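Keep in mind the model is a prediction, meaning the values are calculated, not measured.
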Amino acid sequence: MTNDTTVPSSTSTSTSTFVLRNHAPPARAETIEALFAYAKVNWKLEVPSWPQEQVNQPSGKLPVLVESNTSGTKFVLSETLAIESYLAKKFNLTVSDSPEMVARQVELRTQINDVYELALMHKIGSTEERKVVMEKFVGAARAIVRYHEKVLQANGGNGHYFGDRVTYMDIVVFAFFCILNSQIAADMPRALDFFSEHSAPLLNKVYTTTAKEPALADFVSSFRK
């Protein structure tokens with residue numbers, strides 16, 4: 001397995017302003033906020049009255065992105081992963097346009113989202129439901145760690161998924177580890193075992209490498225409070 005690809009420059013030239021409609025705290029939007037932080041763009045969080053404002057959202061749920069450009073045009077987008085993918089492309093954080101590499105990026109992101117969603121299900125489930133979810137989480141976490149470690153090793157184990165600079169997947173794992181070490185750990189302490197430095201050294205290297213980015217300092221601090 002190799003990750004040979006050309007990764008474009010990460011410089012963002014966006015002149016747009018962004019509103020992120022979401023619940024508070026911002027569940028399912030941590031990676032979106034990390035992308036905003038890394039790209040240093042102008043954005044704000046808008047918390048709609050719920051359920052009164054539900055009918056005014058594109059799919060009746062949150063988060064929703066509203067982008068306004070200098071001409072006054074607005075672009076509205078729903079669904080977490082769709083928003084992330086759009087912002088990553090806009091901020092030059094995606095891999096090359098090779099169909100194989102684009103598909104690999106989607107694959108890897110979806111797998112991280114799978115364990116994230118299981119963690120959310122565990123938090124809100126009944127005692128019996130939590131037992132079932134925990135079993136699913138264990139299986140998914142083991143499989144994902146095993147696979148992602150191979151992918152990262154194929155890229156030289158340099159703290160990045162693709163090439164030698166921060167890309168979308170690095171931001172994804174960085175945000176996931178921030179949540180893992182705070183909110184998920186508080187509800188599901190065992191989760192830390194599967195993503196420890198011993199069990200997942202290269203995933204941890206992605207996190208520590210990305211966390212050193214100055215633009216993400218405030219984001220990291222917010223999860224340590």
Given 3.5 Å as the limit, does a donor-acceptor pair link the side chain of [X] with the main chain of [Y], or not?
X	Y	result
Thr73	Asn69	no
Thr208	Asn204	yes
Lys136	Leu118	no
Glu129	His122	no
Asn155	Gly163	yes

> Stepwise, does the side chain to side chain contact (heavy atoms under 4.5 Å, CB included) test hold for Arg21 with Val66?
Replying inline: CA-CA 8 Å; Arg21 297 178 191 157; Val66 181; 3.6 Å; yes

How about [X] and [Y]: does a side-chain donor come under 3.5 Å of a side-chain acceptor?
X	Y	value
Gln111	Tyr147	no
Gln105	Tyr161	no
Ser98	Ser96	no
Glu128	Ser126	no

> Does the side chain to side chain contact (heavy atoms under 4.5 Å, CB included) test come out yes or no for Leu203 and Leu152, once each step is laid out?
Replying inline: CA-CA 8 Å; Leu203 277 162; Leu152 291 165; 4.1 Å; yes

For the hydrophobic clusters of this structure (ILVMFWY residues joined by side-chain heavy atoms under 4.5 Å, transitively), does one cluster hold both [X] and [Y]?
X	Y	answer
Val172	Val220	yes
Leu120	Phe177	yes
Leu87	Val19	no
Leu192	Ile112	yes
Leu45	Ile83	yes

For a quick test of reading the model, state the closest non-hydrogen atom pair linking [X] to [Y] and the distance between them.
X	Y	answer
Val145	Ala200	CG1-CB, 3.8 Å
Ala88	Leu35	N-CD1, 4.5 Å
Ala34	Ile171	CB-CG2, 3.7 Å
Val115	Ala140	CG1-CB, 3.9 Å
Leu20	Pro63	CD1-CB, 4.0 Å
Val64	Pro58	CG2-CD, 3.7 Å

> What do the steps show when you test Lys90 against Ser16 for side chain to side chain contact (heavy atoms under 4.5 Å, CB included), and what is the final call?
Replying inline: CA-CA 10 Å; Lys90 191 174 188 69; Ser16 300; 3.8 Å; yes

> When you look at Phe162 and Tyr168, which way does the ring pair (Phe, Tyr, Trp, His ring centres under 6.0 Å) test go after all the steps?
Replying inline: CA-CA 9 Å; Phe162 301 98; Tyr168 171 40; 9.8 Å; no

To the closest 0.5 Å, what do you measure between [atom1] ([X]) and [atom2] ([Y])?
X	Y	atom1	atom2	result
Leu180	Met188	CG	CE	9.5 Å
Phe195	Asn181	CZ	CG	11.0 Å
Arg165	Leu93	CZ	CG	6.0 Å
Ile144	Leu108	CD1	CG	10.0 Å
Thr210	Asp170	OG1	CG	4.5 Å
Phe176	Cys178	CZ	SG	11.0 Å

>> Does Ile32 form a side chain to side chain contact (heavy atoms under 4.5 Å, CB included) with Leu65? I'd like the steps, not just the answer.
In response: CA-CA 10 Å; Ile32 296 171; Leu65 176 73; 5.6 Å; no

Does a side-chain heavy-atom distance below 4.5 Å link [X] with [Y]?
X	Y	result
His160	Val206	no
Ser78	Gln57	no
Arg104	Val95	no

> What pairs with Asp193 under side chain to side chain donor-acceptor pair (under 3.5 Å), at least two apart in sequence or on another chain?
Replying inline: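 Asp193: no side chain to side chain donor-acceptor pair (under 3.5 Å) contacts found.
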
>> Restricting to side chain to side chain donor-acceptor pair (under 3.5 Å), what partner residues turn up for Thr209, sequence neighbours left out?
In response: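 For Thr209, no residue satisfies side chain to side chain donor-acceptor pair (under 3.5 Å) once neighbours in sequence are set aside.
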
Would you call [X]-[Y] a salt bridge at under 4.0 Å N-O?
X	Y	answer
Glu117	Arg28	yes
Glu79	Lys61	yes
Arg130	Asp187	yes
Lys74	Glu67	no

> Which of parallel (below 30°), tilted (30 to 60°) and perpendicular (above 60°) describes Phe219 and Phe174?
Replying inline: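 Tilted, since the angle between the ring planes falls between 30° and 60°.
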
>> Taking atom CD as the centre, does Glu53 end up with more than 12 heavy-atom neighbours from other residues, nucleotides or ligands that are less than 6.0 angstrom away?
In response: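 Above 12, so yes.
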
> ring pair (Phe, Tyr, Trp, His ring centres under 6.0 Å): which pairs involve residues 39-84, sequence neighbours left out?
Replying inline: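 Residue pairs passing ring pair (Phe, Tyr, Trp, His ring centres under 6.0 Å), neighbours aside: His23-Trp50, Phe36-Trp43, Phe75-Tyr86.
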
